**Q** 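If you scroll down you'll find the structure; I have some questions about it.
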Amino acid sequence: MSRRATSFGLLLLIFQLASPARAADAAFTQFIASLWPEAKEQGVSRATFETETRGLEPDYKLPDLILPGRPATGAPSQAEFVQVPADYIKEASIGRLAEHGQKLMQQYRPALNEIEKRFGVPATVVLAIWGRETDFGRYTLPYDGLRVLATQAYVGRRKDQYRGEFILALKILSDGVVSRKDLRASWGGAVGLTQFLPSEYYKHGVDLDGDGKVDLWHSVPDALGSAAQQLVNKGWESGLRWAYEVQAPATADCTMGVPEVTKPIGEWLRAGFTPVRGARLSAAEQAQPASLLQPEGIYGPAFLTTKNYFVIKEYNFSDLYVLFVGHLSDRMKSPLPFATPWSASTQLRTTDVEAMQQGLTRIGLYKDKIDGKAGMQTRAALGAYQKSAGLKVDCWPSDAVLRSIRAR
């Protein structure tokens, strides 16, 4: 090797060491190239693979990444997990969306009738999902979908899942389903009017308008029909409400608010839970199994949630998301808000909830994920701790309870 070549090699090495991002991006390019055999196996054409991956760069500003040598980007700051219910389920937003949804119900009546007949999913439910996901198509998704999925596959917390999603996104492009320009996504890589991951497109996509292709980007019938199909594939039961708002008795134990504690609705009613506004439930309704949900612990509204509640939760794993969709669905038929107002004004930061979960795990009361999200299991474990510590049992995460757990 000549002295000039050696000098050039040393200069290149120094340049790479001084430019870690550039070196990392070179590794990213190599990683993407290594996916070609898997993409080919899924039916992606070589031309599509070359065209769509040429010049592709990672987006290291996305949440939920693990970057070597850099601070973790942390858990995603989705509104469902960091806002109190009153901020997430805003009356003004619900009212606006419900009014627009009623107009869309008339506009797309033939397609919605077909959805109800074919899938047994109420028109208002699929419209509510569309309204929550993309504001009935008026919200433009902010990211290049392929770039998001590639980045998450490379340095995301769920690499294996996103590796498959990235390849299926290439397949969507290779199959000519949608153009790269229209493949916009959320930070998590969901695309289309009703926010599907690429794998969900292939699992649940429906050509409801009968034009020979499944188009979740431009065809409202296809998008809504596919949302209904996804719910059915995850266990939707026709004719079953998503939940019933109830008044909880003063003796109610908020630690019972977990999916594992399921009783016929009639049994809950005999225990003192009362449907709001004097509603009367039929014998068939009372026979349905349900779980207790108290999103703000003993404060705010309480609900008896049916199987269909948890089916919607499979669409987005957040209680507030399901409450938003379910309530918006109801509001398209009735102007009544929740009978009990929300009361919590503050929510602990994600890092504080993580610390609370770690403490509850340490003392053997919590066995679920450490994710900074104060869901059903976290609230129930918190209530169990409050019982053991002789504190007021309200199943609501607060600074005072966190301090008590840390001091344990």
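Here the structure is a predicted model, which means the values were calculated and not measured. Just so it is clear, the values below take in all heavy atoms, side chains as well, and ignore hydrogens, waters and symmetry mates.
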**Q** Does a side chain donor of either Q195 or T134 reach within less than 3.5 Å of an acceptor in the other side chain?
**A** no
**Q** Are I172 and Y202 close enough that some pair of their side-chain heavy atoms sits under 4.5 Å apart?
**A**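 They are in side-chain contact.
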**Q** Within the 4.5 Å heavy-atom criterion, are L382 and I405 side-chain neighbours or not?
**A** yes
**Q** Which atom names give the shortest non-hydrogen contact between S219 and D209, and what distance separates them?
**A**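 So the two residues come closest at OG-OD2, 2.7 Å.
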**Q** Measuring from L127:CG to S329:OG, what's the distance to the nearest 0.5 Å?
**A** 8.5 Å
**Q** Does the side chain of Y143 pick up a donor-acceptor pair with the side chain of D59 at under 3.5 Å?
**A** no
**Q** Are D135 and H100 linked by a side-chain donor-acceptor pair shorter than 3.5 Å?
**A**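 Note: D135 and H100 side chains miss the donor-acceptor criterion.
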**Q** Before we go on, tell me: are the rings of Y315 and F310 under 6.0 Å apart, centre to centre?
**A** no
**Q** Could you check if a side-chain atom of S238 sits within less than 4.5 angstrom of a side-chain atom of F119, using non-hydrogen atoms only?
**A**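 No - every pair of side-chain heavy atoms lies 4.5 Å or more apart.
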**Q** Atom CH2 in W187, atom CG in L62: separation rounded to 0.5 Å?
**A** 8.5 Å
**Q** Does CD belonging to E50 count more than 12 external heavy atoms closer than 6.0 Å?
**A**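 Atom CD in E50 is packed in, count exceeds 12.
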**Q** Kindly confirm or rule out a cation-pi arrangement of R379 over W396, judged by NZ or CZ under 6.0 Å from the six-membered ring centre and within 45° of its axis?
**A** no
**Q** Just by modelled atom types, is the P58 backbone N or O under 3.5 Å from a matching donor or acceptor in the R147 side chain?
**A**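 A pair under 3.5 Å: yes.
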**Q** Check whether the side chains of Q152 and D64 place a donor and an acceptor atom closer than 3.5 Å, and report yes or no.
**A** no
**Q** Can you confirm whether the side chains of D330 and H327 place a donor and an acceptor under 3.5 Å from each other?
**A** no
**Q** Give a yes or no answer on whether the side chain of Q386 reaches the backbone of D394 with a donor-acceptor pair at less than 3.5 Å.
**A** yes
**Q** Is there a side-chain contact (heavy atoms from CB on, under 4.5 Å) between V353 and K373 once you walk through the steps?
**A** CA-CA 6 Å; V353 176; K373 301 166 185 176; 5.8 Å; no
**Q** In terms of side-chain heavy atoms, does T306 have a donor or acceptor partner in N308 at a distance below 3.5 Å?
**A** no
**Q** Should we say atom NZ of K333 is surrounded by more than 12 heavy atoms from elsewhere, each under 6.0 Å from it?
**A**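 Counting neighbours around NZ of K333, more than 12 heavy atoms of other residues, nucleotides or ligands fall under 6.0 Å, so yes.
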**Q** Can you name the nearest heavy-atom pair linking Q161 to L197, along with the distance?
**A**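 Here Q161 and L197 meet closest at NE2-CD1, 3.7 Å.
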**Q** With no hydrogens and no angle check, do the side chains of Q102 and Q107 hold a donor and an acceptor under 3.5 Å apart?
**A**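 Side chains of Q102 and Q107: no pair found under 3.5 Å.
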**Q** With a 4.5 Å heavy-atom cut-off, do Y201 and V177 have their side chains touching?
**A**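 Heavy-atom side-chain distance check passes, below 4.5 Å.
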**Q** Go through the steps to decide whether L293 and Y309 satisfy the test side-chain contact (heavy atoms from CB on, under 4.5 Å), and finish with yes or no.
**A** CA-CA 10 Å; L293 171 67; Y309 177 94; 3.2 Å; yes
**Q** Please round to the nearest 0.5 Å and tell me the distance separating atom CG of L216 and atom CD of E200.
**A** 10.0 Å
**Q** Is the backbone of E52 close enough, under 3.5 Å, to the side chain of R180 for a donor and an acceptor to pair up by distance?
**A**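 Judged by distance alone, yes, a pair lies under 3.5 Å.
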**Q** In Å, rounded to the nearest 0.5 Å, how long is the span from CG of L104 to OG1 of T124?
**A** 12.5 Å
**Q** Verify the distance criterion only: is there a donor paired with an acceptor across the side chains of T274 and Q247 at less than 3.5 Å?
**A** no
**Q** Kindly determine whether K213 and D222 satisfy salt bridge (charged side-chain N to carboxylate O under 4.0 Å, His left out), including the steps that lead there.
**A** CA-CA 9 Å; K213 61 180 181 179; D222 286 6; over 6 Å; no
**Q** Could you tell me whether the side chain of V322 reaches within less than 4.5 Å of the side chain of N316, counting heavy atoms only?
**A**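 In short, these two side chains do not touch, never coming nearer than 4.5 Å.
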**Q** Does E116 use its side chain to pair, donor to acceptor, with the backbone of A123 at less than 3.5 Å?
**A** yes
**Q** Please lay out, stage by stage, how D160 and R163 fare under the test salt bridge (charged side-chain N to carboxylate O under 4.0 Å, His left out).
**A** CA-CA 5 Å; D160 290 343; R163 182 188 187 103; 5.9 Å; no
**Q** Carefully, step by step, assess R109 and N113 under the rule side-chain contact (heavy atoms from CB on, under 4.5 Å).
**A** CA-CA 6 Å; R109 175 47 62 192; N113 284 344; 2.9 Å; yes
**Q** Ignoring hydrogens and angles, tell me if any N or O in the side chain of S93 forms a donor-acceptor pair with the backbone of I89 under 3.5 Å.
**A** no
**Q** Would a 4.5 Å heavy-atom cut-off, applied to side chains only, mark F166 and L56 as touching?
**A**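 Sidechains of L56 and F166: in contact.
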**Q** Run the salt bridge (charged side-chain N to carboxylate O under 4.0 Å, His left out) test on R331 and E91 for me, step by step, so that the C-alpha distance in whole Å, both residues' side-chain angles and the decisive distance to 0.1 Å come before the verdict.
**A** CA-CA 11 Å; R331 290 290 290 273; E91 176 58 29; 2.5 Å; yes
**Q** Should Q377 and E260 be marked as a side-chain hydrogen bond (donor to acceptor under 3.5 Å, both in side chains) after you check the CA-CA gap, both sets of side-chain angles, and the distance that decides it?
**A** CA-CA 10 Å; Q377 300 290 351; E260 292 79 9; 3.1 Å; yes
**Q** Got a donor-acceptor contact below 3.5 angstrom from the R349 side chain to the T351 backbone?
**A**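 The answer is no, because no donor-acceptor pair under 3.5 Å joins these two groups.
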**Q** Shortest non-hydrogen contact from P259 to M376?
**A** CD-SD, 3.5 Å
**Q** Is a side-chain donor or acceptor of Q42 paired with a backbone partner of K171 at a separation under 3.5 angstrom?
**A** no
**Q** For side-chain hydrogen bond (donor to acceptor under 3.5 Å, both in side chains), just list the numbers for S318 and Y88, CA-CA rounded to whole Å, side-chain angles, deciding distance to a tenth of an Å, and then say yes or no.
**A** CA-CA 11 Å; S318 157; Y88 183 81; 5.6 Å; no
**Q** Can you tell me which residue pairs pass the ring pair (Phe, Tyr, Trp, His ring centres under 6.0 Å) test with a partner in residues 223-272, sequence neighbours excluded?
**A**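 Those involving residues 223-272 are W268-F273.
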**Q** Are any non-hydrogen side-chain atoms of I115 and L208 less than 4.5 angstrom apart?
**A** yes
**Q** Does R280 pair with E285 as a salt bridge, N-O distance under 4.0 Å?
**A**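 Here R280 does not pair with E285 in a salt bridge, since their nearest N and O are not under 4.0 Å apart.
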**Q** Are Y154 and F31 near enough that their ring centres are under 6.0 Å apart?
**A**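 Yes, the ring of Y154 comes within the 6.0 Å limit of the ring of F31, centre to centre.
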**Q** Contact between L224 and L112 at the side-chain level, heavy atoms closer than 4.5 Å - yes or no?
**A**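 Contact flag for L224/L112 side chains = yes.
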**Q** Between the side chains of T48 and S45, is a donor N or O closer than 3.5 angstrom to an acceptor N or O?
**A**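 The criterion, which ignores hydrogens and geometry beyond distance, is satisfied for S45 and T48.
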**Q** Nearest 0.5 Å, please: how far is CD1 in I370 from OG1 in T378?
**A** 8.0 Å
**Q** Just do the side-chain contact (heavy atoms from CB on, under 4.5 Å) check on I363 and R408 with the steps written out, would you?
**A** CA-CA 9 Å; I363 58 182; R408 182 101 170 199; 4.1 Å; yes
**Q** With distance as the sole test, does T305 use its side chain to make a donor-acceptor pair with the main-chain N or O of S291 at under 3.5 Å?
**A**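 Yes: the side chain of T305 pairs with the backbone of S291.
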**Q** Atom CG in D352, atom CG in D399: separation rounded to 0.5 Å?
**A** 6.5 Å
**Q** May I ask you to establish whether K313 and Y321 are in a cation-pi arrangement, using a distance under 6.0 Å from NZ or CZ to the six-membered ring centre and at most 45° from the ring axis?
**A**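 K313 over Y321 ring: no.
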**Q** Distance alone, cut at 3.5 Å: any donor-acceptor contact between the side chains of T194 and E133?
**A**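 No, no side-chain donor-acceptor contact under 3.5 Å.
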**Q** Locate the shortest heavy-atom distance separating S34 from P37; write the atom from each residue and the value.
**A** O-CD, 3.3 Å
**Q** Could you check whether any side-chain N or O of E245 sits under 3.5 Å from a backbone N or O of F338, counting only pairs where one atom can act as donor and the other as acceptor?
**A** no
**Q** Keeping E267 on the side-chain end and P289 on the backbone end, is there a donor-acceptor pair under 3.5 Å?
**A**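 Not at all, since once roles are kept as given, no pair shorter than 3.5 Å links the two residues.
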